[in-house]
Amino acid sequence: MRKALVTGITGQDGSYLAELLLHKGYEVHGLIRKSSTFNTDRIDHIYQDPHDPNARLFLHYGDLTNSEQLTNLVYNVRPDEIYHMGAQSHVLVSFEMPEYTGNVTGLGVTRFLEAIRRSGIETRFYQASSSEMFGDAPAPQNESTAFRPRSPYAIAKVYAYWMTTNYREAYKLYAVNGILFNHESPRRGPTFLSRKVTRGVARIKAGDQRKLFLGNLDARRDYGYTPEFVEAMWLMLQRDTPRDFVVGTGVAPTIREFVEEAFSYAGLDWKEYVEQDRRYFRPTEVDLLQADASLARKELGWEPKITYKPLVRIMVDADMQAAGLTPIGEGLRLLEAQFGKWHRWDTGVTAVLNHAGRGVD
Ligand code: NAP
Ligand code: G4F
């Protein structure tokens with residue numbers, strides 16, 4: 001049985017990726033942070049009691065700032081594939097915490113690469129690189145576009161990108177960068193734009209919120225649907241030779257267009273509810289991210305089905321359900337028509353969990 005180690009398994013991408021890998025028959029090991037409250041909501045529905053002889057999901061405490069722990073984990077688990085999703089991933093927060101972001105998002109990668117090199121194990125390493133690295137480089141951006149990062153987050157990712165590249169070249173590690181453009185889902189963290197908007201729409205509909213305060217509405221983002229993106233990550237590690245890929249839909253609405261689409265899907269006029277607040281503006285913004293993912297299409301056979309309009313429907317439906325409303329239904333129908341069961345957004349479905357026994361003692 002193939003073994004995968006997933007960092008950031010409690011995050012949006014890590015949770016979908018873990019589902020995909022379990023579905024493909026892998027034994028999955030996830031790194032999770034110690035927290036005084038439960039932080040496994042996104043993976044509760046795939047949790048397995050480690051006492052179960054058939055268990056294939058195992059969780060390990062760890063932190064990306066602690067190299068000794070990461071080295072032990074790599075050495076003890078000896079995974080065939082490592083998907084490094086863990087990061088301080090919020091761009092605006094990175095301006096408030098630049099040093100911490102550099103430590104976790106940048107140096108965290110070096111700690112892993114060193115752990116692999118020193119342990120001498122045969123493994124394949126996926127680095128979650130970001131379209132934010134392109135910054136204000138002209139669009140559309142592809143694998144040859146030079147980076148012009150505009151935030152401490154993006155700069156940390158550029159460092160991590162080059163460390164991954166260097167370990168591939170210097171030590172012949174199978175190490176690749178997936179340069180992914182924005183991808184969203186009902187599991188997106190609620191402080192990222194897409195989810196803040198779709199959750200806001202649902203809460204306004206439910207009468208739980210009156211206004212939605214946002215920052216810059218003029219930037220453009222290339223929005224895709226996360227479950228499709230984790231398939232691209234897996235495909236990247238299945239190739240004979242390691243290579244970096246850009247992954248995105250090529251469709252890049254303005255934030256204003258995204259907002260308008262979400263409100264109008266729910267039958268609301270966004271202008272009545274949205275106000276701008278300076279606190280959500282970034283000191284330096286990235287104006288336009290738009291992917292040229294032709295290499296991924298050609299070499300990986302990866303083709304996205306969902307662009308931002310259907311994405312909005314999926315996310316608003318999910319947030320309406322979460323707010324106790326009956327979803328409008330177009331998003332639900334879309335998922336049923338296009339995807340398999342592992343794309344569901346509800347958590348805690350397959351098991352009523354005993355929160356006292358999550359297998360991380
Ligand atoms: P996310 O939801 O913010 O998840 C980040 C994960 O990293 C969480 O599991 C978090 O744990 C974990 N983490 C943070 N700091 C850590 C630390 N010090 N030690 C151990 N774990 C830590 O991010 P995402 O959207 O899933 O993105 C996954 C990766 O892809 C990130 O590296 C992100 O930068 C990158 N990326 C994302 C996108 C996108 O559009 N989503 C695009 C390009 C690249 P907690 O749950 O405990 O906070
Ligand atoms: O949702 P965002 O915070 O995502 P951003 O900055 O594009 O970063 C995300 O995608 C990257 C890939 O390109 C990842 F690497 C990164 O980890 C993260 O997942 O902001 C999107 C846009 C920005 O232009 C921002 O200025 O929305 C604008 N925006 C306007 N009002 C807002 C808000 N963003 C947030 N988070 N909150 C607002 O109120």
Side-chain angles (χ1 to χ4, degrees), residues 2-15 17-18 21 26-36 39-40 42-43 50 56-90 94 97-130 152-153 155-178 180 230 233-234 236-237 242 358-361:
R2 280 196 288 175
K3 263 194 244 178
L5 173 60
V6 179
T7 70
I9 195 168
T10 56
Q12 174 192 234
D13 291 14
S15 68
L17 180 65
L21 294 170
Y26 281 70
E27 179 177 303
V28 178
H29 293 258
L31 182 79
I32 72 165
R33 287 200 278 189
K34 176 72 186 82
S35 157
S36 67
N39 60 357
T40 53
R42 291 187 179 104
I43 51 170
R56 286 191 290 118
L57 175 68
F58 302 94
L59 302 177
H60 308 266
Y61 280 129
D63 197 287
L64 294 170
T65 56
N66 185 340
S67 48
E68 189 188 348
Q69 215 177 5
L70 301 182
T71 306
N72 286 342
L73 188 60
V74 167
Y75 191 78
N76 292 331
V77 172
R78 304 180 98 74
D80 300 295
E81 295 169 14
I82 299 175
Y83 295 87
H84 182 46
M85 302 289 119
Q88 190 303 93
S89 74
H90 201 283
S94 79
M97 305 171 76
E99 181 185 336
Y100 176 77
T101 302
N103 192 2
V104 173
T105 305
L107 277 173
V109 175
T110 305
R111 294 185 181 105
F112 254 107
L113 292 167
E114 265 300 275
I116 297 168
R117 186 178 77 82
R118 283 168 188 269
S119 64
I121 64 161
E122 276 286 320
T123 191
R124 295 181 173 204
F125 180 80
Y126 174 92
Q127 161 57 8
S129 282
S130 166
Y153 166 78
I155 291 162
K157 285 284 183 187
V158 170
Y159 166 80
Y161 168 95
W162 284 116
M163 287 305 285
T164 303
T165 307
N166 183 249
Y167 273 60
R168 180 169 72 220
E169 292 172 354
Y171 306 115
K172 311 295 174 225
L173 296 191
Y174 192 113
V176 301
N177 290 286
L180 270 52
V230 300
M233 297 174 191
W234 179 78
M236 272 181 233
L237 289 197
R358 270 153 204 273
V360 278
D361 302 316

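Start at 1 with the first residue, then count along the sequence.
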Test item: Leu31 and Asp63 side chains (from C-beta on) under 4.5 Å apart, heavy atoms: no
Does the distance from a Lys or Arg side-chain N to an Asp or Glu carboxylate O, for Glu27 and Arg2, drop under 4.0 Å? no
Per side chain to side chain donor-acceptor pair (under 3.5 Å), His29 is matched among Arg56, Arg78, His60, Lys3 by His60
Of all the heavy-atom pairs spanning Asn177 and Ser129, show the shortest one and how long it is. OD1-OG, 2.8 Å
How long is the span from the OH atom in Tyr167 to the OG1 atom in Thr110, to the nearest 0.5 Å? 6.5 Å
Does Met236 reach the side chain of Tyr126, with side-chain heavy atoms less than 4.5 Å apart? yes
State, yes or no, whether a side-chain contact exists between Gln127 and Met163 at a heavy-atom distance under 4.5 Å. no
Please confirm whether the backbone N or O of His90 pairs with a side-chain atom of Gln88, one donor and one acceptor, at under 3.5 Å? yes
Between Pro79 and Ile121, what is the shortest heavy-atom contact and its length? CD-CD1, 3.9 Å
Report yes if some heavy atom in the side chain of Val109 is under 4.5 Å from a heavy atom in the side chain of His84; otherwise report no. yes
Treating Thr123 as the side-chain partner and Asp80 as the backbone partner, does any N or O pair qualify as donor plus acceptor under 3.5 Å? yes
Value rounded to 0.5 Å, distance of CG in Leu73 from CG in Asn66: 11.0 Å
Separation between CG (Leu64) and CG (Leu107), nearest 0.5 Å, reads 11.0 Å
Using the salt bridge (charged side-chain N to carboxylate O under 4.0 Å, His left out) criterion, which residues pair with Arg118? Sequence neighbours excluded. Glu114
To the nearest 0.5 Å, what is the distance between CG on Leu21 and CE on Met233? 10.0 Å
Stepwise side chain to side chain contact (heavy atoms under 4.5 Å, CB included) test for Val28 and Leu17: CA-CA 10 Å; Val28 178; Leu17 180 65; over 6 Å; no
Side-chain heavy-atom pair Leu173, Arg124 within 4.5 angstrom cut-off: no
Verdict with reasoning, Tyr75 to Asn72, per side chain to side chain contact (heavy atoms under 4.5 Å, CB included): CA-CA 5 Å; Tyr75 191 78; Asn72 286 342; 5.6 Å; no
Kindly give the heavy-atom pair with the smallest separation between Tyr153 and Ser130, and that separation in Å. OH-CB, 3.7 Å
Would you call Val77 and Phe58 a side-chain contact if the rule is heavy atoms closer than 4.5 Å? no
Rounded to the nearest 0.5 angstrom, the OH-OG1 distance for Tyr100 and Thr105 is 8.0 Å
Only counting residues at least two apart or in another chain, list the ones meeting side-chain hydrogen bond (donor to acceptor under 3.5 Å, both in side chains) with Asn103. Arg111
Please confirm whether the backbone N or O of Lys34 pairs with a side-chain atom of Asn39, one donor and one acceptor, at under 3.5 Å? no
If you look at every heavy atom in Ala128 and Met85, which pair is closest and at what distance? CB-CE, 4.2 Å
Donor-acceptor check, side chain of Thr65 to backbone of Val104, threshold 3.5 angstrom: yes or no? no
For Gly102 and Ala156 the tightest heavy-atom approach is CA-CB, 4.1 Å
Leu113 vs Phe125 side-chain heavy atoms within contact, under 4.5 Å: yes
Look up atom OH in Tyr174 and atom CD in Glu81, then write down how far apart they are to the nearest 0.5 Å. 8.5 Å
Would you please say whether a donor-acceptor pair under 3.5 Å links the side chains of Tyr26 and Trp234? yes
What are the two closest non-hydrogen atoms of Thr164 and Ala175, and how far apart are they? CG2-CB, 3.8 Å
Between Leu59 and Ile43, is there a side-chain heavy-atom distance shorter than 4.5 Å? yes
